[in-house]
Amino acid sequence: MSSLSSRARGAVSRAADNPGLEHLTRAGFIGYGILHLLFAWVIARVASGGPTADRDQSGAMQEIADEPFGLALILAIVVGLVAMAVWQVLEMFRGRLLTERMASAGRAAFYLYLALSGIKVLRGKKSSSADTQQDTAEGLLASSGGRVTVITAGLILAGIGGWLAFVGFTGRFEKHLRVGEMAAGTRRLVRRLGATGFVAKGLAYGIAGALFVVAAWRYDPDKARGLDAALRTLAGEAYAGVLLVIAVGFAAYGLFALTEARYRKV
């Protein structure tokens, strides 16, 4: 049995170290960074009162679908996201600690979720993850058990937001980077981009999670729309300054992801 396990682990390691997968994964970080930059632009438009699609990553892809070369860009982003998901699945099997495996599984699921949103846009469908979340919550809120599920989802989402903010404040993201290859100035810039980006994402996801709890407490599925609901709430409460800070933070994270294409340990 141990021999079989060792051979399986060796096969996974060889697959994970495949140069082709590494190149696609690094290209995926470029697409991931572009996606966050587009989302930052969407948030900035929300803050200025401009019209937008859904205020989340799927909405960001819808925004560029009709632009010249927009579908080609989305296709490239989707391919990169799938490669990143495959990489994280392989990392999940290579990981020795349970926490490492869970983190890899979560990242793989998120990358696939974004990839599927992009595929829907490529197929000409309106990819509204916010509407899907709202419809699901509406069905769940019809029962007491469903309310508990929505509250649990909100607490998990808020927990993810808190963890992202913690990673940003402490600089834990640097352990995944080849910092030894960076010049001193580059490392300072990457550290600032990462810290700003992770904290901003943490704030946005934390608000989204809190609104899931509010949705269950008040029987209001309109609050269970993820990032879309979080940004709509801030816009509705006239917190334009907070929205602009979040927009800058997501732009910083997008630039940080672009640097990961070069320096991430893959």
Next item on the list: Please answer: with hydrophobic residues joined when any side-chain heavy atoms are less than 4.5 Å apart, are Tyr253 and Ile30 in the same cluster?
Entry: yes
Checklist line | Which atom of Val78 lies closest to which atom of Leu122, heavy atoms considered | finding: CG2-CD1, 4.3 Å
Item checked: Distance, nearest 0.5 Å, that separates CD1 of Ile77 from OG of Ser117 -> 12.0 Å
Next item on the list: Establish whether Ile156 and Trp163 are linked, either directly or via other cluster members, by ILVMFWY side-chain heavy-atom contacts under 4.5 Å.
Entry: yes
Notebook entry, point to check: Which salt bridge (charged side-chain N to carboxylate O under 4.0 Å, His left out) pairs, counting each pair once, include a residue from residues 151-172, with sequence neighbours left out?
Noted result: none
Check: With hydrophobic residues grouped by side-chain heavy-atom distances under 4.5 Å, do Phe29 and Tyr113 end up in a single group?
Finding: yes
Checklist line | Minimum heavy-atom distance Gly33-Ala257, with the two atoms named | finding: CA-CB, 3.6 Å
Next item on the list: Work out which heavy atom in Ile34 is nearest to a heavy atom in Leu258; give both atom names and the distance.
Entry: N-CD2, 4.4 Å
Notebook entry, point to check: Taking atom CH2 of Trp87 and atom OG of Ser104, what is their separation to the nearest 0.5 Å?
Noted result: 8.0 Å
Item checked: Phe166 vs Phe198, ring-ring contact (aromatic ring centres under 6.0 Å, His included): CA-CA, chis, key distance, verdict -> CA-CA 8 Å; Phe166 173 75; Phe198 273 96; over 10 Å; no
Next item on the list: Under the side-chain contact (heavy atoms from CB on, under 4.5 Å) rule, collect the residues that match up with Leu193, sequence neighbours excluded.
Entry: Leu189, Ala252, Leu255, Phe256
Notebook entry, point to check: Hey, any chance Leu112 and Leu114 share a hydrophobic cluster, counting ILVMFWY side chains that come within less than 4.5 Å of each other, even indirectly?
Noted result: no
Check: Closest approach of Ala251 and Leu37, non-hydrogen atoms and distance?
Finding: O-CD2, 3.4 Å
Next item on the list: Could you grab the distance from atom OH of Tyr111 to atom CE of Met84, nearest 0.5 Å is fine?
Entry: 3.5 Å
Notebook entry, point to check: Other than Val199, which residues form its hydrophobic cluster under the rule that side-chain heavy atoms must be closer than 4.5 Å?
Noted result: Phe169
Notebook entry, point to check: Nearest 0.5 Å, what's the CZ-CZ distance between Phe173 and Arg191?
Noted result: 7.5 Å
Check: Side-chain heavy atoms under 4.5 angstrom apart, residues restricted to Ile, Leu, Val, Met, Phe, Trp, Tyr: same cluster for Trp41 and Val248?
Finding: no
Item checked: Results of salt bridge (Lys or Arg N to Asp or Glu O under 4.0 Å) for Arg26 - residues two or more places apart only -> Glu22
Next item on the list: Give the minimum heavy-atom separation between Glu174 and Val179, together with the two atoms involved.
Entry: O-CG1, 3.9 Å
Next item on the list: Applying side chain to side chain donor-acceptor pair (under 3.5 Å), name anything that partners Arg262, two or more places apart in sequence or on another chain.
Entry: Glu181
Next item on the list: State whether the side chain of Lys265 and the backbone N or O of Lys175 hold a donor-acceptor pair below 3.5 Å, judged by distance alone.
Entry: yes
Margin query: Looking at Met182, is its backbone amide N or carbonyl O close enough to the side chain of Thr186 to form a donor-acceptor pair, meaning the two atoms are under 3.5 Å apart?
Written below: no
Next item on the list: Check the surroundings of atom CZ in Arg188: do more than 12 heavy atoms from other residues, nucleotides or ligands lie under 6.0 Å from it?
Entry: no
Check: What is the distance from atom OG1 of Thr152 to atom CG of Leu157, rounded to the nearest 0.5 Å?
Finding: 12.5 Å
Next item on the list: Please name all residues satisfying salt bridge (Lys or Arg N to Asp or Glu O under 4.0 Å) with Glu260, sequence neighbours left out, ordered by chain then number.
Entry: Arg264
Check: Which pair of heavy atoms, one from Tyr32 and one from Leu81, lies closest together, and at what distance?
Finding: CD1-CD2, 3.9 Å
Margin query: So, taking the atom named CD1 in Ile119 and the one named CG in Leu75, what distance separates them when rounded to the nearest 0.5 Å?
Written below: 9.5 Å
Check: Does Arg107 pair with Glu91 as a salt bridge, N-O distance under 4.0 Å?
Finding: no
